[in-house]
Visitor: 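Below is a structure I'd like to ask you about.
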Amino acid sequence: MNYFAGLDIGSTAIKVALVDEGGRLAGVHVTESGSLFHKNAKEALRMLLERHGVDREQVKYLIATGYGRKLFKEADDSISEITANAIGAHEAGRAFGGVRTIINIGGQDSKAIQLDDQGNVANFAMNDKCAAGTGRFLDVAARNLNIDLEELGDYHFNGKGAPLTINSTCTVFAESEIIGLLANGHGKEEIVAGIHYSIAKRTVRLAKRVGIEDRVYFDGGPALNKGLVAAIQDELQRELVVPEHPQTTTAFGAAILARNEFFAESD
Ligand code: ADP
(Lines give C-alpha, C1' and ligand atoms only; values in the text may rest on other atoms or scores of the structure.)
Protein backbone atom coordinates (compact mmCIF):
# COMPACT_ATOMS: atom_id res chain seq x y z
CA MET A 1 0.00 0.00 0.00
CA ASN A 2 1.28 3.49 -0.89
CA TYR A 3 0.82 6.52 1.35
CA PHE A 4 1.16 10.29 1.01
CA ALA A 5 2.15 12.72 3.73
CA GLY A 6 1.57 16.35 4.61
CA LEU A 7 3.91 17.98 7.08
CA ASP A 8 2.81 21.29 8.60
CA ILE A 9 5.73 22.91 10.43
CA GLY A 10 3.92 25.59 12.43
CA SER A 11 5.35 28.26 14.70
CA THR A 12 4.08 26.40 17.74
CA ALA A 13 3.29 22.83 16.72
CA ILE A 14 4.35 20.37 14.03
CA LYS A 15 1.52 18.38 12.51
CA VAL A 16 1.82 15.36 10.19
CA ALA A 17 -1.03 13.71 8.29
CA LEU A 18 -0.93 10.51 6.29
CA VAL A 19 -3.45 9.61 3.58
CA ASP A 20 -3.83 6.41 1.61
CA GLU A 21 -4.16 6.02 -2.17
CA GLY A 22 -7.86 6.82 -1.98
CA GLY A 23 -7.12 10.10 -0.15
CA ARG A 24 -8.55 8.75 3.10
CA LEU A 25 -6.95 9.95 6.32
CA ALA A 26 -4.80 7.14 7.77
CA GLY A 27 -3.35 8.95 10.79
CA VAL A 28 -2.17 12.22 12.32
CA HIS A 29 0.52 13.22 14.79
CA VAL A 30 1.05 16.51 16.63
CA THR A 31 4.14 17.58 18.55
CA GLU A 32 5.65 20.85 19.77
CA SER A 33 7.83 22.71 17.25
CA GLY A 34 10.43 23.61 19.86
CA SER A 35 13.60 25.28 18.59
CA LEU A 36 14.84 22.37 16.44
CA PHE A 37 12.21 22.50 13.70
CA HIS A 38 13.91 20.13 11.27
CA LYS A 39 14.85 17.48 13.83
CA ASN A 40 11.40 17.59 15.46
CA ALA A 41 9.64 17.40 12.09
CA LYS A 42 11.64 14.29 11.12
CA GLU A 43 10.88 12.71 14.47
CA ALA A 44 7.16 13.51 14.17
CA LEU A 45 7.04 11.81 10.76
CA ARG A 46 8.98 8.80 12.08
CA MET A 47 6.61 8.41 15.04
CA LEU A 48 3.49 8.61 12.90
CA LEU A 49 4.82 6.01 10.46
CA GLU A 50 5.91 3.70 13.27
CA ARG A 51 2.49 3.93 14.98
CA HIS A 52 0.76 2.88 11.76
CA GLY A 53 3.32 0.25 10.70
CA VAL A 54 4.23 2.18 7.52
CA ASP A 55 7.80 2.17 6.10
CA ARG A 56 9.29 5.46 4.89
CA GLU A 57 9.59 3.91 1.38
CA GLN A 58 5.82 3.46 1.29
CA VAL A 59 5.40 7.25 1.53
CA LYS A 60 5.59 8.10 -2.17
CA TYR A 61 5.21 11.85 -1.97
CA LEU A 62 5.51 14.35 0.87
CA ILE A 63 4.53 18.01 0.83
CA ALA A 64 5.71 20.43 3.49
CA THR A 65 3.75 23.51 4.51
CA GLY A 66 3.65 26.04 7.35
CA TYR A 67 6.02 28.60 8.77
CA GLY A 68 9.07 26.28 8.73
CA ARG A 69 8.34 24.42 5.47
CA LYS A 70 11.53 25.57 3.69
CA LEU A 71 13.64 23.88 6.36
CA PHE A 72 12.42 20.42 5.35
CA LYS A 73 14.58 19.86 2.27
CA GLU A 74 13.59 16.18 1.96
CA ALA A 75 10.05 17.19 0.96
CA ASP A 76 9.03 16.51 -2.64
CA ASP A 77 7.33 19.89 -2.75
CA SER A 78 6.16 22.71 -0.50
CA ILE A 79 3.07 24.94 -0.52
CA SER A 80 1.77 27.90 1.46
CA GLU A 81 -0.37 27.18 4.49
CA ILE A 82 -3.24 29.16 2.94
CA THR A 83 -3.43 26.75 -0.01
CA ALA A 84 -2.96 23.67 2.18
CA ASN A 85 -5.59 24.87 4.65
CA ALA A 86 -8.04 25.53 1.82
CA ILE A 87 -7.55 22.03 0.34
CA GLY A 88 -7.84 20.36 3.76
CA ALA A 89 -10.95 22.29 4.82
CA HIS A 90 -12.65 21.81 1.44
CA GLU A 91 -12.03 18.06 1.64
CA ALA A 92 -12.94 17.63 5.33
CA GLY A 93 -15.88 20.02 4.89
CA ARG A 94 -17.61 17.73 2.35
CA ALA A 95 -18.94 15.60 5.21
CA PHE A 96 -20.71 18.72 6.55
CA GLY A 97 -22.23 19.70 3.20
CA GLY A 98 -19.34 21.92 2.03
CA VAL A 99 -17.61 24.97 3.51
CA ARG A 100 -17.02 28.44 2.03
CA THR A 101 -15.27 30.31 4.85
CA ILE A 102 -12.32 29.15 6.95
CA ILE A 103 -11.29 30.69 10.24
CA ASN A 104 -7.87 29.47 11.30
CA ILE A 105 -6.29 30.42 14.60
CA GLY A 106 -2.70 29.27 14.97
CA GLY A 107 -0.03 29.69 17.60
CA GLN A 108 1.12 33.10 16.39
CA ASP A 109 -1.27 34.23 13.70
CA SER A 110 -4.87 34.02 12.60
CA LYS A 111 -6.42 33.92 9.15
CA ALA A 112 -9.74 34.03 7.40
CA ILE A 113 -10.04 32.42 3.97
CA GLN A 114 -12.94 32.55 1.55
CA LEU A 115 -13.35 29.63 -0.84
CA ASP A 116 -15.19 29.55 -4.14
CA ASP A 117 -17.56 26.65 -4.81
CA GLN A 118 -14.67 24.58 -6.25
CA GLY A 119 -12.63 24.98 -3.05
CA ASN A 120 -10.17 27.50 -4.54
CA VAL A 121 -8.98 30.44 -2.44
CA ALA A 122 -11.08 33.44 -3.48
CA ASN A 123 -9.87 35.85 -0.80
CA PHE A 124 -7.98 35.82 2.48
CA ALA A 125 -6.93 38.07 5.35
CA MET A 126 -4.27 37.49 7.93
CA ASN A 127 -3.22 38.86 11.30
CA ASP A 128 0.41 38.04 12.04
CA LYS A 129 1.44 41.34 13.61
CA CYS A 130 -0.15 40.96 16.98
CA ALA A 131 -0.37 37.94 19.31
CA ALA A 132 -3.76 39.00 20.69
CA GLY A 133 -6.32 36.85 18.92
CA THR A 134 -3.93 33.90 18.53
CA GLY A 135 -3.09 30.73 20.43
CA ARG A 136 -0.18 32.56 22.05
CA PHE A 137 -2.67 34.79 23.88
CA LEU A 138 -4.40 31.69 25.27
CA ASP A 139 -1.08 30.07 26.23
CA VAL A 140 -0.03 33.18 28.17
CA ALA A 141 -3.45 33.55 29.82
CA ALA A 142 -3.58 29.89 30.87
CA ARG A 143 -0.12 30.25 32.41
CA ASN A 144 -1.13 33.41 34.31
CA LEU A 145 -4.26 31.69 35.59
CA ASN A 146 -2.29 28.58 36.47
CA ILE A 147 -4.59 26.25 34.51
CA ASP A 148 -3.94 23.80 31.68
CA LEU A 149 -4.78 24.77 28.10
CA GLU A 150 -7.11 21.76 27.92
CA GLU A 151 -9.11 23.14 30.88
CA LEU A 152 -9.95 26.51 29.28
CA GLY A 153 -13.13 25.10 27.72
CA ASP A 154 -14.49 23.85 31.06
CA TYR A 155 -13.71 27.12 32.83
CA HIS A 156 -15.55 29.00 30.08
CA PHE A 157 -18.82 27.21 30.78
CA ASN A 158 -18.57 27.10 34.58
CA GLY A 159 -18.67 30.81 35.40
CA LYS A 160 -21.42 32.06 37.74
CA GLY A 161 -21.21 35.64 36.48
CA ALA A 162 -21.04 37.25 33.05
CA PRO A 163 -17.77 37.09 31.07
CA LEU A 164 -15.47 39.94 32.09
CA THR A 165 -14.35 42.49 29.53
CA ILE A 166 -10.67 42.30 28.72
CA ASN A 167 -9.70 45.73 27.45
CA SER A 168 -6.03 45.24 26.61
CA THR A 169 -5.37 44.69 22.95
CA CYS A 170 -1.78 43.61 23.49
CA THR A 171 -0.77 40.29 25.08
CA VAL A 172 1.76 41.91 27.41
CA PHE A 173 -0.84 44.37 28.77
CA ALA A 174 -3.50 41.65 28.89
CA GLU A 175 -1.17 39.69 31.15
CA SER A 176 -1.11 42.52 33.71
CA GLU A 177 -4.85 43.01 33.28
CA ILE A 178 -5.51 39.33 34.06
CA ILE A 179 -3.27 39.46 37.12
CA GLY A 180 -5.11 42.64 38.23
CA LEU A 181 -8.52 40.96 37.82
CA LEU A 182 -7.34 37.98 39.89
CA ALA A 183 -5.99 40.33 42.57
CA ASN A 184 -9.41 42.01 42.72
CA GLY A 185 -11.07 38.69 43.49
CA HIS A 186 -12.64 37.92 40.11
CA GLY A 187 -13.20 34.25 39.30
CA LYS A 188 -10.95 32.49 36.82
CA GLU A 189 -14.06 31.29 34.98
CA GLU A 190 -15.29 34.81 34.19
CA ILE A 191 -11.77 35.85 33.18
CA VAL A 192 -11.40 32.87 30.84
CA ALA A 193 -14.76 33.59 29.21
CA GLY A 194 -13.72 37.25 28.84
CA ILE A 195 -10.49 36.20 27.11
CA HIS A 196 -12.42 33.94 24.73
CA TYR A 197 -14.84 36.76 23.84
CA SER A 198 -11.95 39.16 23.29
CA ILE A 199 -10.35 36.70 20.81
CA ALA A 200 -13.75 35.96 19.26
CA LYS A 201 -14.42 39.67 18.56
CA ARG A 202 -11.04 40.07 16.82
CA THR A 203 -11.57 36.87 14.86
CA VAL A 204 -15.00 37.90 13.63
CA ARG A 205 -13.64 41.32 12.54
CA LEU A 206 -10.95 39.50 10.54
CA ALA A 207 -13.49 37.11 8.99
CA LYS A 208 -15.76 40.01 7.98
CA ARG A 209 -12.87 41.44 5.96
CA VAL A 210 -13.00 38.45 3.59
CA GLY A 211 -16.78 38.07 3.71
CA ILE A 212 -18.57 35.36 5.65
CA GLU A 213 -20.45 32.68 3.78
CA ASP A 214 -21.88 29.44 5.12
CA ARG A 215 -20.59 27.09 6.12
CA VAL A 216 -17.85 28.46 8.31
CA TYR A 217 -15.09 25.99 9.18
CA PHE A 218 -12.94 26.64 12.27
CA ASP A 219 -9.51 25.03 12.53
CA GLY A 220 -6.06 25.34 14.12
CA GLY A 221 -5.10 24.23 17.64
CA PRO A 222 -7.34 26.73 19.46
CA ALA A 223 -10.38 25.13 17.76
CA LEU A 224 -9.89 22.29 20.28
CA ASN A 225 -11.09 24.76 22.92
CA LYS A 226 -14.90 24.38 23.19
CA GLY A 227 -15.21 27.66 25.09
CA LEU A 228 -13.57 29.59 22.28
CA VAL A 229 -15.77 27.80 19.73
CA ALA A 230 -18.88 28.89 21.68
CA ALA A 231 -17.66 32.50 21.97
CA ILE A 232 -16.95 32.76 18.22
CA GLN A 233 -20.35 31.22 17.39
CA ASP A 234 -21.95 33.77 19.67
CA GLU A 235 -20.15 36.72 18.07
CA LEU A 236 -20.70 35.37 14.56
CA GLN A 237 -24.34 34.47 15.23
CA ARG A 238 -23.80 31.25 13.25
CA GLU A 239 -22.82 27.65 13.84
CA LEU A 240 -19.22 26.72 13.12
CA VAL A 241 -18.10 23.49 11.53
CA VAL A 242 -15.33 22.10 13.75
CA PRO A 243 -13.77 18.91 12.36
CA GLU A 244 -12.64 15.95 14.42
CA HIS A 245 -8.96 16.94 14.06
CA PRO A 246 -9.00 20.73 13.77
CA GLN A 247 -5.27 21.17 14.40
CA THR A 248 -4.26 18.93 11.49
CA THR A 249 -6.49 20.27 8.68
CA THR A 250 -3.57 22.07 6.99
CA ALA A 251 -1.33 18.97 7.18
CA PHE A 252 -4.24 16.92 5.80
CA GLY A 253 -4.60 19.38 2.89
CA ALA A 254 -0.87 19.03 2.12
CA ALA A 255 -1.21 15.22 2.21
CA ILE A 256 -4.20 15.33 -0.18
CA LEU A 257 -2.21 17.51 -2.57
CA ALA A 258 0.79 15.14 -2.25
CA ARG A 259 -1.45 12.28 -3.36
CA ASN A 260 -2.89 14.29 -6.26
CA GLU A 261 0.53 15.51 -7.45
CA PHE A 262 1.92 11.96 -7.31
CA PHE A 263 -0.85 10.59 -9.51
CA ALA A 264 -0.67 13.60 -11.86
CA GLU A 265 3.09 13.04 -12.34
CA SER A 266 2.71 9.30 -12.91
CA ASP A 267 -0.02 9.80 -15.55
P1 ADP B 1 0.77 26.77 14.49
O2 ADP B 1 0.36 26.08 13.21
O3 ADP B 1 0.92 28.25 14.34
O4 ADP B 1 1.95 26.12 15.13
P5 ADP B 1 -1.51 25.44 15.79
O6 ADP B 1 -2.66 25.50 14.85
O7 ADP B 1 -0.79 24.15 15.90
O8 ADP B 1 -0.47 26.63 15.49
O9 ADP B 1 -2.05 25.90 17.22
C10 ADP B 1 -1.23 26.00 18.34
C11 ADP B 1 -2.07 26.52 19.47
O12 ADP B 1 -3.14 25.60 19.74
C13 ADP B 1 -1.34 26.63 20.81
O14 ADP B 1 -0.73 27.90 20.92
C15 ADP B 1 -2.48 26.44 21.82
O16 ADP B 1 -2.98 27.71 22.23
C17 ADP B 1 -3.58 25.72 21.06
N18 ADP B 1 -3.86 24.36 21.55
C19 ADP B 1 -3.14 23.24 21.28
N20 ADP B 1 -3.69 22.16 21.88
C21 ADP B 1 -4.79 22.61 22.55
C22 ADP B 1 -5.79 21.98 23.36
N23 ADP B 1 -5.78 20.66 23.61
N24 ADP B 1 -6.76 22.76 23.87
C25 ADP B 1 -6.79 24.08 23.62
N26 ADP B 1 -5.89 24.73 22.87
C27 ADP B 1 -4.90 24.00 22.33
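Side chains are part of it too, since the values below use all heavy atoms of this structure and drop only hydrogens, waters and symmetry mates. In this text the structure is predicted, and so the values were computed from the model without any measurement. Both counts, for ligands and for their atoms, begin at 1 and track the order of listing.
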Visitor: Taking atom types as modelled, is there a side-chain donor on His38 or Glu74 under 3.5 Å from an acceptor on the other?
Guide: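 Side chains of His38 and Glu74: pair found under 3.5 Å.
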
Visitor: Could you tell me the residue and atom name of the protein heavy atom closest to atom 24 (N) of ligand 1, and the distance to it rounded to 0.1 Å?
Guide: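 For atom 24 (N) of ligand 1, the nearest protein heavy atom is Leu224 CB, 3.9 Å.
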
Visitor: Under a 4.0 angstrom heavy-atom cut-off, which atoms of ligand 1 come close to Ala13?
Guide: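 Close to Ala13: 4 (O), 7 (O).
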
Visitor: Heavy-atom contact under 4.0 Å between Leu152 and ligand 1?
Guide: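 So Leu152 does not count as touching ligand 1.
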
Visitor: Can you find a side-chain donor-acceptor pair between Glu177 and Ser168 that sits under 3.5 Å?
Guide: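 Side-chain D/A pair, Glu177 to Ser168: present.
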
Visitor: Taking 4.0 angstrom as the limit and counting only heavy atoms of Gly10, give me the atoms of ligand 1 inside it, by number and element.
Guide: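 Once the distances to Gly10 are compared, the set is 1 (P), 2 (O), 4 (O).
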
Visitor: Under the side-chain contact (heavy atoms from CB on, under 4.5 Å) test against Tyr61, which residue among Leu257, Asp77, Asn260 passes?
Guide: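 Result: among Leu257, Asp77, Asn260, Asp77 is the only option passing the side-chain contact (heavy atoms from CB on, under 4.5 Å) with Tyr61.
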
Visitor: Distance check, rounded to the nearest 0.5 Å: Ile195 atom CD1 versus Leu164 atom CG?
Guide: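 If we round to the nearest 0.5 Å, Ile195:CD1 and Leu164:CG are 9.5 Å apart.
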
Visitor: Could you tell me the residue and atom name of the protein heavy atom closest to atom 8 (O) of ligand 1, and the distance to it rounded to 0.1 Å?
Guide: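 Ranking protein heavy atoms by distance from atom 8 (O) of ligand 1, first comes Gly107 N, 2.9 Å.
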
Visitor: Which heavy atom of the protein is the closest neighbour of atom 19 (C) of ligand 1, given with residue, atom name and distance?
Guide: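 Of every protein heavy atom, Gln247 NE2, 4.1 Å lies nearest to atom 19 (C) of ligand 1.
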
Visitor: Carefully, step by step, assess His90 and Val99 under the rule side-chain contact (heavy atoms from CB on, under 4.5 Å).
Guide: CA-CA 6 Å; His90 179 67; Val99 296; 5.5 Å; no

Visitor: Under 3.5 Å between some N or O of ligand 1 and some N or O of Thr12?
Guide: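 Yes.
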
Visitor: Can you tell me the protein heavy atom closest to atom 15 (C) of ligand 1 and the distance?
Guide: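 Answer, as residue, atom name and distance: Asp139 OD1, 3.2 Å.
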
Visitor: May I ask you to check whether Gly106 has an N/O atom sitting below 3.5 Å from an N/O atom of ligand 1?
Guide: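 Min N/O separation from ligand 1 is not below 3.5 Å for Gly106.
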
Visitor: Distance check, rounded to the nearest 0.5 Å: Tyr197 atom OH versus Ile166 atom CD1?
Guide: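 Output value for this atom pair is 13.5 Å.
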
Visitor: Examine ligand 1 and decide if any of its atoms is less than 4.0 Å from a heavy atom belonging to Glu81.
Guide: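 So Glu81 does not count as touching ligand 1.
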
Visitor: Work out whether the distance between some heavy atom of Pro222 and some atom of ligand 1 is less than 4.0 Å.
Guide: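 Checking ligand 1 against Pro222, which is what was asked, there is a heavy-atom contact under 4.0 Å.
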
Visitor: Any sub-3.5 Å donor-acceptor pair from Asp234's side-chain atoms to Ala230's backbone N or O?
Guide: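 A pair under 3.5 Å: no.
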
Visitor: Which distance, rounded to the nearest 0.5 Å, do you find between the CD of Glu175 and the CZ of Arg143?
Guide: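 It is 6.0 Å, given to the nearest 0.5 Å.
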
Visitor: With atoms numbered from 1 as shown, which atoms in ligand 1 lie under 4.0 angstrom from a non-hydrogen atom of Gly220?
Guide: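 The list of qualifying atoms is 6 (O).
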
Visitor: Starting at CG of Asn127, measure out to OG1 of Thr203 and round the result to the nearest 0.5 Å.
Guide: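 If I round to the nearest 0.5 Å, the distance is 8.5 Å.
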
Visitor: Pick whichever of Lys226, Glu32, Arg136, Glu150 has a heavy atom sitting closest to atom 23 (N) of ligand 1.
Guide: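 Of the listed residues, Glu150 has the closest heavy atom.
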
Visitor: Indicate, with yes or no, if Ile82 and Tyr217 share a hydrophobic cluster defined by side-chain heavy-atom contacts under 4.5 Å among Ile, Leu, Val, Met, Phe, Trp and Tyr.
Guide: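 Linked, Tyr217 and Ile82 end up in one cluster.
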
Visitor: For atom 26 (N) of ligand 1, what's the nearest protein heavy atom and its distance?
Guide: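 Minimum-distance protein heavy atom for atom 26 (N) of ligand 1 reads Gly221 O, 3.8 Å.
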
Visitor: In the protein, what heavy atom is nearest to atom 2 (O) of ligand 1, and what distance, to one decimal place, separates them?
Guide: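 The protein heavy atom lying closest is Lys15 NZ, 2.7 Å.
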
Visitor: Considering both backbone and side-chain atoms of Ser33, is one of its nitrogen or oxygen atoms within less than 3.5 Å of a nitrogen or oxygen in ligand 1?
Guide: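 For ligand 1, there is no N or O atom that lies under 3.5 Å from one belonging to Ser33.
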
